[in-house]
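Data block below; observations after.
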Amino acid sequence: MKNKYSIFSLIKNAFTDHENWQRAWRDPLPKKEYDAVIVGGGGHGLATAFYLAKKHNMKNIAVVEKSWIGGGNTGRNTTIIRSNYLWDASAGLYDHALKIWEGLSQELNYNVMFSQRGVMNLAHNLQDVRDLKRRTHANRLNGIDAVWLNTQEVKKFCPIINTSPDIRYPVLGGTLQRRAGTARHDAVAWGYARGADAMGVDIIQNCEVKGIKRNGDSVEGVETTKGFIKTKKIGVVAAGHSSVIANMADIKLPLESKPLQALVSEPVKPIIDTVVMSNAVHAYVSQSDKGELVIGAGTDSYVSYTQRGSHDVVEGTLKAILELYPIFSRMKMLRQWGGIVDICPDASPIISKTHIKGLYFNCGWGTGGFKATPGSGDLFAHTIANDEPHKLNADFNINRFVSGDLVDEHGAAAVAH
Amino acid sequence: MFLINCPYCGERDQSEFTAGGEAHIVRPKQPTELSDDQWAEFLFMRKNIKGVQLERWNHAHGCRKWFNMVRDTSNDKIHAVYKMGEKPPIK
Amino acid sequence: MSKNLRITNNKFIDQTSRISFKFDGKTLYGFKGDTLASALLANNIHLVGRSFKYHRPRGIMACGSEEPNAIVQVGNDASMTEPNTRATEIELYEGLEASSQNCWPSVNFDIGAINNFFSPLIPAAFYYKTFMWPANFWKLYEYFIRKSAGLGKSPTEPDKDIYDHRYLHCDVLVVGGGVSGIMAAKTAAKNKLNTVLIDDKNILGGTTLFQKNECFKINNSYSSDWLKKEIETLNSLKNLTIKTRTSLAAYHSYNYLLARENLTDHLCLNEKKDKIRQRLWKIRAKKVVIATGAMERPLIFNNNDRPGIILSSSIKKYIDYYGVKCGQKVSLFTNNDSAYETAISLNNNGVIVNSVIDIRDKTNSLIVKQAEKLGIKIHWKSSVVNTNGYKKINSIEIMKLSDNGTAVVGKKIKEECDCLAISGGWTPRVHLFTQSGGKLKFRNEDNVFLPDKTDLDQISIGSCNGDFELDEVIENSVNLINKFLKVNNNDYVNLEIISSKEIDKKNIWLLPSDKPLGKTKPFLDFQNDSTANDVKLALREGFKSIEHVKRYTTTGMATDQGKLSNMHALGIIAETAGVKMGELGTTTFRPPYTPLTFGAIVGRNIGEFFDITRRTPMHDWHVEKKAEFENVGQWKRAWYYPINNENMNEAVQRESKAARDSAGILDASTLGKIDIQGSDTSEFLNRVYTNAWSKLEIGKCRYGLMLNEDGMVYDDGVTTRLSENHYLMTTTTGGAANVLSKLEDYLQTEWPELDVYLTSVTDHYGTVSICGPNSKKILSKVIPDLDLSDKEFPHMSFKNALIDNIKCRVMRISFTGEHSYEINIQSSYAKSVWEKCFDAGKEFNITPYGTETMHLLRAEKGFIIAGQDTDGTMTPVDLQMDWIISKKKYDFIGKRSLYRSDTIREDRKQLVGLLTEDPKEILEEGAQIVAETNKQPIEMLGHVTSSYFSPNLNKSIALAVVKNGKKLKGQKMFVPMKDKTISVTITDTVFLDKENKRLNA
Amino acid sequence: MLNFNTPIMDTKEFSEIKISEIEPILKINLRGKNRDFVTKIGKELSIITPVDPNTSSSNEKLNLLWLSPDEWLIYSNEKIDLNGANFLEDKLYNEISKVNLGSITNVTDHWIMINLSGTKIFELLSADCPFNFNSFKNSKGAVVQTLVNHIDVVIHNKNINNVNLFVRRSFTNHLWSWLNDGASRL
């Protein structure tokens, strides 16, 4: 077993100038065969492997990552975590995740800095108010903490918001989920990787999947840049690249991959200590522990696999930021980047078997996948291990696009990060 | 911001255009004849290609004409544009 | 200011104009042309900040945008203060106030410095390994972590400054006004190309501008003098625009670039007023020339971060350009020739040069010989193993390097100094090139990444392309420019160039010390306090990829984006991991090149211009009548008209009652209107609406429902047949634009064979809607000669009419269930017609009503509002509007989707009416509906979509969607609120006048 | 008698820029696909129908702007008869729409025409318009449909440093104050 992380281990290692820390995870070559192969070394993929090993005793498994772990959307998102979704299915899924978040640092013995500083969603027009109140009522009955705040309460909770009635789209109120918050994205990937590796999971980086070997209606293995790997179960968690893998197995998914942009400001002393989201004017902001304002912009309207988006998306978001926070006008954008998000027509994910035996997909998280990482991994692991969905992800099957039984979160604009 | 060569108006900034997704997904002439699966295929299923893709664009803030584009989604390079009803030029 | 630190014979600084400024509350003096940094140095102030993590004293280290330490807060006005500003880029102005950051109580005595003693406990990423116990304490730990993190302070009041944008289209954009940039700009402009040259400094010329050294001459004069002549010739070129104080922020694909021009930051406070502070240029260039030069690298050795340790080339600029001595007794530490230029400049300006410590074996280049001639002492093959002095360097320790350079040998020499110049070679500024998507190649002999492949029409020239010697710069640039622009400019051929050539190159990424690495502090990222030890720790722990190391150690993630540290981090990783640097690859440089104010990015699109505001022709009338407005999309719609300070509820009750009892008047101008002509129009309508249109008579109106292909309700409205092949379609206010483009889409792509033309006339017509039992009487006063009899002018029909000789269209349609008319007239006359109707209605107490009352009235009749009672999951069947789905039609948009296994379910959520047990109880819109409250978890069957108190029924009414609602009519249900549970009964959706008698009242 | 109200009815002068809303003039939108339509228009208006993109043709009475391969905009040079009687529209409607050659739609009040003149008008527009005016500037009669401050506009180059800008009526007040704000800062 690895050395446990704690203040004591830090002190101990300080005496040896930190020369004796062990590797956080090994750097193995792929074996000939595994009981399962997870395609994609992001948070969701690593979590899947972690729970396969931990809860389903599947330890002879591998995670193959074409680049470096946590380098995709896990390391590129604005780390908002909440579970105040409208539909029962979504609420169940995301709150399952939130409950795991609450004990994750201890479960992984890795500080993922889950910070329950609350997430506020603002309403700017009468329909916003209806939609958000509808969500609040649904949340309450689903046992999810969510309260409606009037404009004054919004101002009280986050004083720097411009709640003047004279602005173009005044704040008419908002919802608050106090259990919601943010976490340290890299730590999530690294913590799961370290935990999975400790249980024997092989994490294989710089190993790109080039093909899915099928024998009729069941899978036989994956072709990778590090050779063929035999396996009976393949769990694809490739986010923006899900369709690329799907095309290898020639199945089509209801996905479009689009660039989603985000940016951070230069670090400043604490100025906003919660997360504020506004779908109507499209502004999302929080402040990282380092002091940077972390701002989420929108997606472009076209398919693109370049991790660059259009400038007008960033301009549009900062416009909204200054409308709500005019005090930030002299703050400076330090870094801007893009990720590739795979979006379903109903803005809800797919955690599902396919008609091909042993081929499973976990995708379609769109702009909001990070918050679901632990739940997604747990439920996908269950689905792979039992070849049956857990009741919490049963509704997120691929077949819903045929039957029409969508989990349409557009209604309550849960497309937000 | 792309610089898009509208087949009618010439080179214009991307902000004058809207994207319309994958091209050449023809609306079935007889929808009622289709199975739920076939209809879902038309409605939702997409190739979502990484690489050269044929897609629909609309010069929404110019001549308001729809046209097709050959674009490499892996680097956003536009290879060609062509009018509705025309065959895609050889990639 | 301490006189002895200023050179008096200096042309760039106007030493006649003294400027006073404040730093940390202390009043100091500088000159016009100074930067804050040069002025501070002239005042012998080196200590300007504390480092991010250990709070170690830090001093000015560079002279440009790569400065990692001298990050200050400018101004202390709550609205105008600016955090994290580089002292090396702030032009001094009268009244400038700046202060150091991240220290308390003061930069000289900083409590946080205690961290330095605990530094062994807080290596890279320590926070991932601790603060986990007890679990619920993280909130507390985090509070303190946050307080200690962050650099400057955000403003707390809105910015008073103005920002602006401007698009710029040019043939050639040249970025960087050094030697090669100037050559490129001149060549382009002379060849009739519309050219723009930008430079982030306030003056062109780059570092050559102040190069007065025998070893660098062109046509027998100093390279600086030659360049000045070149710059003068630029002014005569009419195709050339020069923008100084303009820094390129981002280079996007398709040669789309963003540049930030600073217009007032250098002006004194009263001059700044009411001027645009910064303008963001959005540049489209056919061709781009990148001539951004190179940055000097530091050297990585023990305690290389003390105040007084400054990049060699910066020290040169401070003395040769600003006329400021960074010290009186200077030592230089280098691995290349350029430090000798600095040594010579210092020496020529009477600064004591202790010695040059050069890690190379003896070398004999021109410049080195010159230095030796001047008697400058050189320690060959030596390294600085340590520096001393807490708030300012006071001595260094020198040792000989072993032959392989991995260790130091022999005895330690101590050398007193008050300043140490360091030079670790040069890094081409390839940031913009990589931002644009260009791929880099690695040059082994001097360890630099250089521009390689690109898809765009661009070149890099000069030292950002790896040409470091003056003669190379000129000769290579000429060729590249001529080839790139397809021109032939001979201005720069056969120039006589003298340029000292560097003969020997040697590089050691991490210089050895006599102490074990673990006991030393060789800083890599000065601002984020990450050391070479941190990088090695990350590698030890299995973080292989450069991106991992960067994120784990935060190296290169500070506000300087690792301009100084990235190369060394790569070097050390490559060395430790035993891979070639070229193969390791570099981290991606993301825009912006230097931090960009939000204000500049947003420009004038704030406040009034944050979003478009659309007004109806009657807008001013509503304003006069003190109406409250509702934002509907971009429209401003009259929401309600309070009189003698009624609240909304009171106003709405009054308006609704009046509308039903006598007459009401509504501004319906925002509804989308599409003029449709063509011989296939009725077929077209058949395909886009769910109901049948072939049989609609001329002069008649019909309500239509539009679906998405997924079968869900998309929009609705009334369409009128004006003549044989001429129709007027109306859409919802919010849906107008989308409906038009959706219909155009189908016409252009799916049904090009149809002869149908669409033209938006939304803004051409103003729409006055009058309803109520007296609407007929009122209209007959407004249009006397129009026969309003039910026979001549029945419900759902239209008439052309004239009002005072102006053509208008009158529709008899109703969204309230009342007898009502809609007058559509050219917008220019709409206000006048509105007033006419209002006057005519006075005797009937005609009451203007807004959107809220409209919503109430239609709810009484159970009419839906697409978007409020539907949410993208409702089919017409769910809305109990089966009647509007034509069974005869073979196809229409969305038809097929209505027959999928889920959409044909009987027990879907369906639109119903709700009545509360207590008629006074008004349900909250959005509230959930359940059948049983006791069983857990409570199953939610649906929710309230619309809810009002109806003054006309004198009870509360609501519309809702409820699972299997159709079958549940009459059933009791519950609406559980936070504090109580409300009992309701499911009813029909029509609450008032089920027989539609009022339509013809 | 009904009063005639337009959103602005005003002229503003700045250094090197003049902005004014032009008196009510007739505007008609024409749509049609086939050649007969094009020739018919030419005949009815005794003007050459511009078929090249981004161009227009004018005579002393009228201007005919190309909007798309099947869409044109007519605007008159002189004020319309405020009594609404409008012979040209009726004539075209009967000759074209009635016989299914295409569509004729009166858009007089759909569009507001703003005249911009002065040496800095293109700098003013370029503050938030992505269109490249470099060659447009110098080509009299040129037409462009683009966005100014995110608002759809049609711009007709009447003369050197003199353009007519068409904006939908409901957007006019917004664009007007944006133009004024910008002009005051040039």
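The sequence lines fix the lettering, A, B, ..., with proteins before strands; numbering per chain opens at 1.
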- [ ] Flag the one option from B/Gly10, B/Ala60, B/Gly62, B/Ser15 with the top tally of heavy-atom pairs under 4.5 Å to chain D.
- [x] B/Gly62
Open item on the list: Tell me if the NZ atom of D/Lys120 is crowded by more than 12 foreign heavy atoms within 6.0 Å.
Closed with: yes
Open item on the list: Tell me if the CD1 atom of D/Ile48 is crowded by more than 12 foreign heavy atoms within 6.0 Å.
Closed with: no
Would a 4.5 Å heavy-atom cut-off, applied to side chains only, mark [X] and [Y] as touching?
| X | Y | result |
| --- | --- | --- |
| D/Thr146 | B/His61 | no |
| D/Leu147 | B/Arg12 | no |
| D/Pro53 | B/Tyr8 | no |

- [ ] Nearest 0.5 Å please: distance from the SG atom of B/Cys9 over to the CH2 atom of D/Trp66.
- [x] 4.0 Å
- [ ] Would you mind telling me which of D/Leu67, D/Asn54, D/Asp52, D/Val153 has the largest number of heavy-atom pairs within less than 4.5 Å of chain B?
- [x] D/Asn54
TODO: Please determine which of B/His59, B/Arg64, B/Lys65 meets the side-chain contact (heavy atoms from CB on, under 4.5 Å) test together with D/Ser68.
DONE: B/Lys65
